[in-house]
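In what follows, a structure is listed as structure tokens, so that the remarks can point back to it.
A quick note: this is a predicted structure, and the numbers were derived from the prediction, not measured. Basis for what follows: all heavy atoms, side chains included, without hydrogens, waters or symmetry-related copies.
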Amino acid sequence: MLLRMSSLFLRTLREDPADAEVASHRLLVRAGYIRRVASGGFAWLPLGLRVLRKIEAIIREEMDAIGAQEVHFPALLPREPYEASGRWNDYGDSLFRLKDRRGADHLLAPTHEELFTLLVKDLYSSYKDLPLWLYQVQTKYRDEARPRAGLLRGREFVMKDSYSFDVDDAGLAASYERHRAAYVRIFDRLGLDYVMVSAMSGAMGGSRSEEFILPSPNGEDTFVRSPGGYAANVEAVTTVAPQAVSYDDAPAARVVDTPDTPTIATLVAVLIERFPREDRPWVASDTLKNVVLMLRRPDGTDEPLVVGVPGDRDVDMKRLAAQVEPAIARPFADADFAAYPALVKGYVGPQALGADKGLRYFVDPRVAPGTPWTTGADEPGRHVVDLVCGRDFTPDGTIEAAEVRAGDPAPDGSGPLELARGIEIGHIFQLGRRYAEVLDLRVLDEQGKRVVVTMGSYGIGVSRAVAAVAESTYDELGLCWPAAVAPADVHLLVAGKDDKARTVADRLAQELSEAGHTVLYDDRARVSAGVKFADAELLGIPLIVTAGRRVVDGLVEFRVRRTGEQAELAPADVLARVRELAAR
RNA sequence: CGGGGUGUGGCGCAGCUUGGUAGCGCACCCGCUUUGGGAGCGGGGGGCCGUGGGUUCAAAUCCCGCCACCCCGACCA
């Protein structure tokens, strides 16, 4: 394949586009790979499209290799399947909805679980047909509240997603492992230095779930990792709970006057001043903060939930949301307090709480049996000291909703947790029977009994991966593609006006492309060498061959874009060298 | 949805405070010169100044509304 820059549909920009902040967005636009068409929507230009296609090809190879089969669905779908699964409503504002000329509701698919499920239901009805693995590589649509960072979060994007169908849990586990291994191979081939983190399966329901995250300050996901190798999305981090302790010797709880202490900070100040401890000053983590929330259940009914966390921590609404899924949590409003007079704003205490009182009460795992707390006494201006968990109050359970901090002990006991940002490039999870149940996907098992199929779901953001690779490889000169995804294998350029250089380059272009390499040939006349060098670096093809002033000595220059490593060699040796480096 | 910012030729920007009919650099076209690190000189094409209304003899510039885009947050398999 020979791409001649004299006729390639490409215009590089000398200056950075003003609307691009993150490196991948800035460079992909500047190098002429993509152009913005709308907020969150991009046109793929020839070079960009080649990168996208190469990534797709790698994904298809690995999916095919595990026996998955590709299918293709419409992006424009009728409402009914999504009504049946509940997602016509659950998906909320993120769903692009539209009407046809008859007024019938349609949507632009944000993902295709329903269609896969219904397709299998349509054709298969026996355990003998399973396991089955299907996948698609398609454009998805989500009306994101805020598209950003170029390809990293768009309203239209390319995604590969696959689904596994099994008759039992063991089958699902095997299908999951199979995909997991394929994903490892895919991301390794893309050259991405990813981290696999435990994740919550979120709105999709299901059990086991892992994300593939590319650590990057431009990423939107926060995850933690430990020195010992534990890694998890913040939503899935498990808190190390202290051992339950005996409270036989603990002092009795006592109520004290703490006027004007509606916040933890004011409370601690008053405790230090009026009720000093003997061993050390009071700190915020001695107090128990009870955060009141209102849950909206899927059926539309409301129910209050109180979450108790150590006073030095806030409730992380994302972590909470993942825990109460599919219900939706919101802060308790003044009107809500009015409806629940037992709750004294600013002085809520465990003694007024509990499922038996209609106020479900869950605590952070740090609030372990036997631990004493200073907390609200359910009266304005009063707190209770030495209220012991398990003796003076019994929560309805524990909940992982407190904020996670760098330095918190890791669940694997290997030391403090580190907090980092990253780009989610893949997500695999065991979906379970949720969709199969509601869409009635059942097969006959060996006993002739109808059983609900269990599913797995496995996604890769393909267009996002283009940005992720760019993001993890660029340097100050421009893009810097790994060979596996580069739009060409070799960037060949003629420098100078020497006819002989031109002849040598023409011959090399011919030879390399005939040998099966894709050559991006900068054959532009009347373009100065400086411009060509700068473009070559910006475009980021892994190998750069220059036919220029050394041609008179029978030599061309050979450069590895990423390392800057250079050599001069005879034109006749270029092909062998390209082969050698391309295989590396 | 809340906060901040920006809309002037393909790209990056100035002009707006103090109204007088649009400019610079890059890119593009023609000619000559140049040709190893984003060339020089000369000539040229291209802009209802985001949009609607208002004020005024006159609006890119002042006033009001709307829209779009970018950033932070909320949101987001």
Side-chain angles (χ1 to χ4, degrees), chain A residues 10-22 25-26 29-30 32 35-41 85 87 90-95 109-114 140 142-150 152-155 157 159-163 199-206 209-211 218 220-221 233 235 316-318 321-322 325-326 328 330-331 424-431 434-435 455-461 464 477-478 493-499 501-502 522 524-538 544 546-551 556-557 559:
Chain A
L10 172 73
R11 185 117 297 152
T12 58
L13 306 178
R14 183 183 293 219
E15 289 165 289
D16 285 334
D19 60 356
E21 296 269 321
V22 309
H25 184 197
R26 179 169 57 81
V29 171
R30 190 147 93 85
R35 294 292 294 173
R36 196 188 74 84
V37 172
S39 180
S85 68
R87 292 207 300 177
D90 290 354
Y91 230 96
D93 291 336
S94 295
L95 193 63
T111 174
H112 279 90
E113 278 83 0
E114 288 81 354
K140 308 284 171 133
R142 289 182 201 172
D143 191 0
E144 295 287 349
R146 185 157 91 81
R148 78 185 98 182
L152 287 178
R153 176 167 297 279
R155 297 203 290 178
F157 55 96
M159 179 161 134
K160 187 289 299 187
D161 53 345
S162 36
Y163 297 90
M200 302 291 296
S201 33
M204 313 305 303
S209 171
E210 286 162 290
E211 286 174 6
N218 292 325
E220 300 178 293
D221 284 33
N233 189 300
E235 287 149 40
D316 180 329
M317 289 306 283
K318 279 191 178 181
E325 183 74 46
I328 294 164
R330 63 168 170 82
E424 180 187 349
I425 47 178
H427 192 173
I428 55 177
F429 54 94
Q430 299 187 2
L431 201 54
R434 173 180 167 173
Y435 287 94
M455 295 168 59
S457 166
Y458 318 91
I460 294 178
R464 178 182 282 181
L477 296 173
L493 66 89
V494 193
K497 58 175 179 182
D498 188 351
D499 286 346
R502 175 81 193 204
D522 195 344
R524 293 175 295 178
R526 294 187 304 278
V527 171
S528 75
V531 172
K532 290 186 178 181
F533 289 135
D535 272 347
E537 277 137 4
L538 176 62
I544 300 170
T546 305
R549 60 188 170 200
R550 295 307 305 280
V551 161
V556 295
E557 290 143 67
R559 189 147 49 97

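When the side chain to side chain contact (heavy atoms under 4.5 Å, CB included) test is applied to A/V29, the partners found at least two apart in sequence or on another chain are A/L13, A/P17, A/H25, A/I34, A/R35. Considering only residues two or more places apart in sequence or on other chains, A/R36 meets the side chain to side chain contact (heavy atoms under 4.5 Å, CB included) condition with A/D19, A/S39, A/F42. Residues satisfying the salt bridge (charged side-chain N to carboxylate O under 4.0 Å, His left out) criterion with A/E537, sequence neighbours excluded, are A/R559. Every residue meeting the side-chain hydrogen bond (donor to acceptor under 3.5 Å, both in side chains) condition with A/T12, not counting sequence neighbours, appears here in chain and number order: A/D535. With sequence neighbours excluded, no residue forms a salt bridge (charged side-chain N to carboxylate O under 4.0 Å, His left out) with A/D221.
With C1' as the reference atom, B/G25 and B/G40 are 16 Å apart, rounded to whole Å. Separation of the C1' atoms belonging to B/G15 and B/G23 is 7 Å when rounded to the nearest angstrom. Between B/G20 and B/A59, the two C1' atoms lie 10 Å apart (nearest whole Å). When the P atom is compared between B/G47 and B/G10, the two are found 9 Å apart, to the nearest whole Å. Rounded to a whole angstrom, the distance from the P atom of B/C48 to that of B/C11 is 14 Å. Taking atom P on both nucleotides, B/A14 is separated from B/C67 by 26 Å, rounded to a whole Å. Nucleotides B/C62 and B/U18, compared at atom C1', are 11 Å apart to the nearest Å. Atom name C1', nucleotides B/G54 and B/G19: the rounded distance is 15 Å, in whole Å.
Considering only the side chain of A/R148, B/C71 comes nearest among B/A27, B/C71, B/G37. Nearest nucleotide to the side chain of A/V531, out of B/A27, B/C76, B/G38: B/G38. Distances were taken from every side-chain heavy atom of A/A529 (C-beta onward) to each of B/A27, B/C75, B/G36; the shortest belongs to B/G36. With distances taken from any side-chain atom of A/R14 to the nucleotides B/G37, B/A74, B/C26, the minimum falls on B/C26. With B/G36, B/G38, B/C69 as the choices, the nucleotide that has an atom nearest any side-chain atom of A/A495 turns out to be B/G36.
Across all strands shown, B/U35 has no partner, as no Watson-Crick or G-U wobble contact with both distances under 3.5 Å is found. The nucleotide B/U17 finds no pairing partner, because no Watson-Crick or G-U wobble arrangement with both distances shorter than 3.5 Å includes it. Across all strands shown, B/A27 forms no Watson-Crick or G-U wobble pair with both distances under 3.5 Å. Under the Watson-Crick or G-U wobble criterion, with both distances below 3.5 Å, B/G7 is paired with B/C67. Across all strands shown, the partner of B/G73 is B/C1, judged by Watson-Crick or G-U wobble contacts whose two distances both fall under 3.5 Å. Base-pair partner of B/C48: not found among the strands shown (Watson-Crick or G-U wobble, both distances under 3.5 Å).
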Legend entry - Worked check of salt bridge (Lys or Arg N to Asp or Glu O under 4.0 Å) between A/R550 and A/E557: CA-CA 8 Å; A/R550 295 307 305 280; A/E557 290 143 67; over 6 Å; no
Legend entry - Working for salt bridge (Lys or Arg N to Asp or Glu O under 4.0 Å), residues A/E21 and A/R26: CA-CA 6 Å; A/E21 296 269 321; A/R26 179 169 57 81; over 6 Å; no
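Judged by distance alone with a 3.5 Å cut-off, a donor-acceptor contact links the side chain of A/E557 to the base of B/G36. Scanning atom types as modelled, no donor and acceptor separated by under 3.5 angstrom connect the side chain of A/R526 and the base of B/G31.
Panel note: side chain A/R464, backbone A/R153; no donor-acceptor pair is recorded below 3.5 Å. Listed for the A/K532 side chain is no donor-acceptor partner under 3.5 Å among the backbone atoms of A/T546.
Atom P of nucleotide B/C69 and atom CD of A/E144 are separated by 14 Å, given to the nearest angstrom. In this structure, A/F157 atom CZ and B/C76 atom P are separated by 15 Å, rounded to whole Å. Between A/R153 atom CZ and B/C70 atom C1' the separation is 16 Å, expressed in whole Å. If you take NE2 of A/H25 and P of B/C71, they are 8 Å apart, rounded to a whole angstrom. Atom P of nucleotide B/G7 and atom CZ of A/R36 are separated by 15 Å, given to the nearest angstrom. Rounded to whole Å, atom P of B/G36 lies 15 Å from atom CZ of A/R559. Whole-Å rounding puts the A/E21 CD to B/U6 P distance at 14 Å. When rounded to the nearest whole Å, the span between CG of A/D522 and P of B/G37 equals 15 Å.
Among the heavy atoms of the strands, none lies under 4.0 Å from A/A501. Counting non-hydrogen atoms under 4.0 angstrom, A/R146 reaches a base of the nucleic acid. Base engagement by A/R30 is indicated by at least one non-hydrogen atom pair under 4.0 Å involving a base atom. At a threshold of 4.0 angstrom between heavy atoms, the contacts of A/R464 with the nucleic acid are absent.
Contact check, A/S528 against B/A39: a side-chain N or O comes under 4.0 Å of OP1 or OP2.
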Legend entry - Nucleic acid footprint by protein, nucleotides 9-16 of chain B - heavy-atom cut-off 4.0 Å, B for base, S for sugar-phosphate alone: -SSSS---
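Summarising the geometry, atom OG belonging to A/S457 is positioned 6.0 Å from atom CG belonging to A/D161; distances are rounded to the nearest 0.5 Å.
The residue among A/K532 and A/P110 whose nearest nucleotide of RNA chain B lies closer to the 5′ end is A/K532. Take the nearest nucleotide of RNA chain B for A/D161 and for A/V527: the residue whose nucleotide is more 5' is A/V527.
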